[in-house]
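The first residue of the sequence shown is numbered 1, and numbering continues consecutively from there. Just so you know, these numbers come straight off a predicted model, no measurement behind them.
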Amino acid sequence: QVQLVESGGGLVQPGGSLRLSCAASGSIFSINTMGWYRQAPGKQRELVATATSGGSPNYADSVKGRFTISRDNAKNTVYLQMNSLNPEDTAIYYCYAAARTSGGDSVLYGYWGRGTQVTVSS
């Protein structure tokens, strides 16, 4: 079992910044990929950014140059620094991890956090 808990969401004015955090806990053997997805009202969930161990970060075109994803592998934590926010960034942001559990098989499974609301409005 792996649990993901997001924090750092809230209300921010256009042009402002927020930093999201997601900490993974449980019977973790290893985490291959951690990342962030978001879902705006009436829209599908979409990728924001992912970070794979040993690979380069992947960003949605809409956030390139504004958002930065980073990982602290020792803490099983992923961060999303969001700068120059605009109203189009308003969404529920979900943490994602692909991980292997120490008590199970060696197959990667996907895990999701419950989400944190980000609202960009004046």
What closest approach, in Å, do [X] and [Y] show between heavy atoms, and which atom pair accounts for it?
| X | Y | value |
| --- | --- | --- |
| Tyr37 | Val48 | C-CG2, 3.8 Å |
| Cys95 | Glu6 | N-OE2, 2.9 Å |
| Cys22 | Leu4 | SG-CB, 3.9 Å |
| Ser21 | Trp36 | O-CH2, 3.6 Å |
| Thr90 | Gln117 | CG2-NE2, 4.1 Å |
| Ile31 | Ala99 | CG1-CB, 4.0 Å |

Suppose the criterion is side-chain hydrogen bond (donor to acceptor under 3.5 Å, both in side chains): which pairs have a residue in residues 42-57, not counting sequence neighbours? Thr33-Thr52, Arg38-Glu46, Ser53-Arg71

Just so I know, are the side chains of [X] and [Y] near enough to count as touching, which here means a heavy-atom distance under 4.5 Å?
| X | Y | value |
| --- | --- | --- |
| Met82 | Leu20 | yes |
| Thr119 | Val12 | no |
| Asn86 | Pro14 | no |

same_hphob_cluster(Leu47, Tyr94) at 4.5 Å side-chain heavy-atom cutoff: yes

Examine Tyr96 and Ile92 and state if one hydrophobic cluster contains both, with Ile, Leu, Val, Met, Phe, Trp and Tyr joined whenever side-chain heavy atoms are less than 4.5 Å apart. yes

Decide side chain to side chain contact (heavy atoms under 4.5 Å, CB included) for Leu80 and Thr68; before the verdict, give the C-alpha distance in whole Å, the side-chain angles of both, and the deciding distance to 0.1 Å. CA-CA 6 Å; Leu80 185 68; Thr68 303; over 6 Å; no

To the nearest 0.5 Å, what is the distance between [atom1] on [X] and [atom2] on [Y]?
| X | Y | atom1 | atom2 | result |
| --- | --- | --- | --- | --- |
| Ser62 | Asp89 | OG | CG | 7.0 Å |
| Leu18 | Gln81 | CG | CD | 8.5 Å |
| Gln1 | Ile28 | CD | CD1 | 11.5 Å |
| Tyr59 | Ile69 | OH | CD1 | 6.5 Å |
| Leu85 | Ser121 | CG | OG | 12.0 Å |

Throw together a table of side-chain donor-acceptor distances under 3.5 angstrom for residues 104-115, partners on residues two or more places apart or in other chains.
residue, atom, partner, partner atom, Å
Asp105, OD1, Val107, N, 3.1
Asp105, OD2, Tyr109, OH, 3.2

Does one side chain, of Thr77 or Asp72, offer a donor that lies under 3.5 Å from an acceptor on the other? no

For Phe67 and Tyr93, take the angle between the two ring planes, folded into 0 to 90°, and tell me which bin it lands in: parallel under 30, tilted 30 to 60, perpendicular over 60. tilted

